[in-house]
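All values derive from a computational prediction rather than experimental measurement. Whatever order the structure lists them in is the order used to number ligands and atoms, beginning at 1.
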Amino acid sequence: MTMMGLLHSVALSTQFLLLFSSSLFTNCLTLNDSTSTHHHGCHQHENNALLSFKQSFIISKSASYNTFSYPKTCSWIPTTDCCSWDGIECDELTGHVISIDLSSSLLYGSMDANSTLFSLVHLQRLDLSDNDFNHSQIPARMGDLSQLKHLNLSQFGETTLSGEVPTQISHLSNLLSLDLCSYIDPQFDFPLINRLQLKESTLQSLIQNSTRLEQLRLNFVTISSSLPHTLTNLTSLQKLSFRNCELYGEFPVGIFYLPNLTSLNFAENQNLQGALPASIGNLTNLALLALGDNSFHGEIPQSLFRLENLEQLSLSYNFFEGQLALDMFLKLKMLNALGLSVNKLTLFSQNRNVNVTILPPIQSLGLSGCNLAGEVPTWIMNLTTLSSLDLSRNNLQGEIPYFFFRLENLTVLDLSHNTLEGQIELDMLSKLQKLTSLGLGGGNKLYFLEGKNSSNVTFPSQIQTLILGSCNLVHFPNFTQHLQELTDLYLSNNTIKTIPSWLWNKTTLQTLVISNSLLIGEISPSICNLQSLVVLDLSSNNLVGMIPSCLGTFSRSLQVLDLAANKLIGNIPQTYVKGNALQFIDFSSNKLYGQLPRTLVNCRMLEFLDVRHNHFNDSFPFWLGSLPKLKVVFLSDNQFHGAIMCPLKYTFPQLRIIDLSQNGFSTKLTSEIIMCFKSMIISNKRQLDFKDEIYYSENVFLDIDVVSFSMSNKGVVMDYLGGQYLHHMVAIDLSCNKIYGEIPDTMGSLNGLVVLNLSNNMFSGSIPSSFGKLSNLEVLDLSLNNLSGNIPQ
Ligand SMILES: *[C@@H]1O[C@H](CO)[C@@H](O)[C@H](O)[C@H]1NC(C)=O
Ligand SMILES: *[C@@H]1O[C@H](CO)[C@@H](O)[C@H](O)[C@H]1NC(C)=O
Ligand SMILES: *[C@@H]1O[C@H](CO)[C@@H](O)[C@H](O)[C@H]1NC(C)=O
Ligand SMILES: *[C@@H]1O[C@H](CO)[C@@H](O)[C@H](O)[C@H]1NC(C)=O
Ligand SMILES: *[C@@H]1O[C@H](CO)[C@@H](O)[C@H](O)[C@H]1NC(C)=O
Ligand SMILES: *[C@@H]1O[C@H](CO)[C@@H](O)[C@H](O)[C@H]1NC(C)=O
Ligand SMILES: *[C@@H]1O[C@H](CO)[C@@H](O)[C@H](O)[C@H]1NC(C)=O
Ligand SMILES: *[C@@H]1O[C@H](CO)[C@@H](O)[C@H](O)[C@H]1NC(C)=O
Ligand SMILES: *[C@@H]1O[C@H](CO)[C@@H](O)[C@H](O)[C@H]1NC(C)=O
Ligand SMILES: *[C@@H]1O[C@H](CO)[C@@H](O)[C@H](O)[C@H]1NC(C)=O
Ligand SMILES: *[C@@H]1O[C@H](CO)[C@@H](O)[C@H](O)[C@H]1NC(C)=O
Ligand SMILES: *[C@@H]1O[C@H](CO)[C@@H](O)[C@H](O)[C@H]1NC(C)=O
């Protein structure tokens, strides 16, 4: 869950509802026959082909997303010249149809693999974007239209084309532009199912044949490969969009040398790596550079800040490093969106040197986690165009300046996780009438005062996301009752004791985080009214009683269930519905007992399971090994017992961390057991550099640095923090059990291991020499065993 994600979804959802709510079918109104003159009659067979193409669809109001949509084919009347029809263009000399523009035309129906469309071989432009093709496939015969220069099959909202992009698309050697995007946000509640898929080999062929391409847009098409380096052969490229295509590996640096680039969007591929060359400053026409949420590294070249035409620059959520000063941005006169959040950057905001009269017209500014220190920079008050401002996770100090409350166009304001202090009164916010998301929580020393007459205050009523963690709230903020559109409420680290019962009627809620507070009493079963919940975090409170059994079944959308560190007793929920979305379950540090329910295998999306520090009494849950995404299993400090085993089919395909310490496992450690953990064998160090979006408690958005392993080293317990992000961690902890026998040589093959703790068992024999192959190992504890012999070199 990232703020970025939340905000995206917020922005999109209203439009979505607006446009997808009706599905009325309409018929064409009879239009007046066109009286336009034409030099050449439309060719009869083309006329017929178009008419039968028209017949294969019905007009549906819900088939197009664009508000300007209308049924163009209504003007397609048999008795008139097809060259005069809406959306049709003919060649002046030959009379052949050369262009069809049926974008946003309310067409609904499947694409026919043998459509008469493909007999229109003179076509140079085909635009069928924003219609509903009922999940049909792109016909292979699209490749017959060899004269095509422009092909647009992009879709809005839910995907309407699916399956594999046919290899024949690469026969279109005259293409100048190709657009197969799905314009929808992946963080959106409706995950993109049935995405289009493009095989790497098809992409390769396309690049090889369509050498004149100027625009290639494939956002949200699943490619799942590295980027072909031959892309750099396409020297005419102007716009490249590969947002969220599951690309990985090295970004071909040659792309940054393509001279005519105006727009580069490779955001949200997570594992795409690379660095920006200084020569990027040569791309003087560049208007958009979006590389957010990838694994780019290195310094941001100074030359980038000379690109005067740059309008949008997003480098957030990467590993860029170095120091930047804000006056560097003054040359970017056109800049309206700047995102540098969550890198390894240090930003200096030299107030005095900034000539505020020449600040760019920025609307969206993301400077989260940029090591900004000192008082809130005052030049922000002169960015009157600001709509979205994220200054969270910096070291900003002092009071929140009042000028924020005069930035009337703010829709998003996030100041959380700084060291700001002072009071915020509810009525101060009433000036920000466009606000939809407010973040004040975490780390700050703010006092949020609701005031006695909170019902009088005209708080911005369309607030959707409210983050008031660490705001010294003693009571649950009552004014939230009146926020009809509230979807995400974060109240962690306050001293709230009770949750008012009206909260269980707020069925719009998707996120409810009240961790690290003083909640008492039982968890009301009414919580299961909140069927839209995606994140539920009530960890670190004083909750007692049983966990309501409905929590395993009440919501198909629930991804995060965190009830850790309370005083809960009894069994955990026994049933988990098939098709549930749970990714993160944390029941640790309670007084729970019983077995782990086998129905957990219904949690096919599960990545993280933590039941540490309870009284579970069960054998080794080998059956968890069938969960395809499970990465982290913490069973430490319970009464698990017996043998550790891993029958065929239970292979733990993604396991990165397993902690079985402080239990009663008594078994001989065999090679077979070690092969349960073979996902920890890596052939390439890059395999470790994955990014994922596991939820971490205590964190509102993207905190990734909390993991501690208790390593008992000669009786001294030390916390291993190691500066490692959890997502880079590979660990086995078997300490404090009754595991015996020799340590098998195969242990040394688990070369991804960073932490290995076998201490406090009954191992005998010598330390295998294969341990020398554990080149990523940072912590090794073999103490308190019966090992003998030499320590291998
Ligand atoms: C398309 O038409 C050809 C000949 O007209 C026929 O052989 C083929 O089976 C048809 N394909 C489909 C998918 O209908
Ligand atoms: C290139 O296009 C031609 C037809 O235009 C086709 O025959 C050929 O297979 C294509 N090459 C590749 C590599 O796709
Ligand atoms: C395309 O790029 C590849 C590798 O980058 C190169 O070997 C090949 O010669 C290039 N083809 C053309 C036509 O430039
Ligand atoms: C780049 O654009 C210029 C001006 O439009 C054009 O003359 C030139 O041919 C283009 N370069 C390439 C490699 O397409
Ligand atoms: C591109 O930029 C680099 C470094 O900034 C420079 O050395 C090079 O001459 C430039 N190339 C062109 C073609 O302008
Ligand atoms: C700030 O910029 C404006 C507009 O370019 C200019 O007129 C003014 O002299 C500048 N002020 C300073 C202190 O440089
Ligand atoms: C900057 O904003 C402040 C407060 O609104 C205002 O007093 C000042 O005149 C502004 N400066 C410029 C140069 O716009
Ligand atoms: C706020 O937005 C409105 C509408 O877009 C615009 O007219 C107004 O100028 C903006 N206010 C400021 C201070 O930029
Ligand atoms: C919780 O709040 C206290 C005081 O308000 C603060 O010192 C502490 O850092 C906060 N903890 C977290 C995790 O935000
Ligand atoms: C609250 O609103 C009521 C009714 O509009 C009004 O009588 C009362 O004076 C208001 N209270 C405050 C403190 O503004
Ligand atoms: C919220 O309402 C409860 C119950 O009505 C009340 O006890 C509490 O004082 C109110 N909180 C605030 C901050 O007014
Ligand atoms: C919740 O909603 C139900 C049905 O609308 C209503 O009967 C009940 O009184 C509400 N509860 C609270 C605490 O507002």
Taken in chain and number order and not counting sequence neighbours, the residues that satisfy salt bridge (Lys or Arg N to Asp or Glu O under 4.0 Å) with E164 are K199

Of all the atoms in ligand 8, which lie at a distance below 4.0 Å from a heavy atom belonging to N409?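 That gives atoms 1 (C), 2 (O), 3 (C), 8 (C), 10 (C), 11 (N), 12 (C), 14 (O) of ligand 8.
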
Taking a 3.5 Å cut-off between nitrogen or oxygen atoms, can you list every pair linking ligand 2 to the protein, with distances?
{"unit_1": "ligand 2", "atom_1": "2 (O)", "unit_2": "N209", "atom_2": "ND2", "d": "2.2"}
{"unit_1": "ligand 2", "atom_1": "5 (O)", "unit_2": "H171", "atom_2": "O", "d": "3.3"}
{"unit_1": "ligand 2", "atom_1": "11 (N)", "unit_2": "N209", "atom_2": "ND2", "d": "2.9"}
{"unit_1": "ligand 2", "atom_1": "14 (O)", "unit_2": "S170", "atom_2": "OG", "d": "3.0"}

Just which atoms of ligand 6 are under 4.0 Å from any heavy atom in I358? 2 (O), 4 (C), 5 (O)

Give the numbers and elements of all ligand 6 atoms closer than 4.0 Å to a heavy atom of T357. 1 (C), 2 (O), 3 (C), 4 (C)

For A373, all residues meeting side chain to side chain contact (heavy atoms under 4.5 Å, CB included), sequence neighbours excluded: N395

What part of K434, side chain from CB on, backbone N/CA/C/O, both or neither, has a heavy atom under 4.0 Å from ligand 8? side chain

Quick one: list whatever passes ring-ring contact (aromatic ring centres under 6.0 Å, His included) with H43, sequence neighbours left out.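 Result, ring-ring contact (aromatic ring centres under 6.0 Å, His included) vs H43: H96.
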
Quick one: does ligand 8 sit under 4.0 Å from the side chain of T384, the backbone, both or neither, non-hydrogen atoms only? both

Test disulfide (SG to SG under 2.5 Å) on C82 and C42; report intermediate values, then the result. CA-CA 6 Å; C82 77; C42 168; 1.8 Å; yes

Residue of the set N271, N269, T222 for which side chain to side chain contact (heavy atoms under 4.5 Å, CB included) holds with L247: N269

Identify the residue among E214, R125, H150, Q215 that makes a side-chain hydrogen bond (donor to acceptor under 3.5 Å, both in side chains) with S177.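 The side-chain hydrogen bond (donor to acceptor under 3.5 Å, both in side chains) with S177 is passed solely by H150 among E214, R125, H150, Q215.
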
Can you tell if the side chain of L203 reaches within under 4.5 Å of the side chain of F242, non-hydrogen atoms only? yes

Among D127, N131, D130, whose side-chain hydrogen bond (donor to acceptor under 3.5 Å, both in side chains) with S104 holds?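 So, applying the side-chain hydrogen bond (donor to acceptor under 3.5 Å, both in side chains) to S104 and each of D127, N131, D130, only D130 qualifies.
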
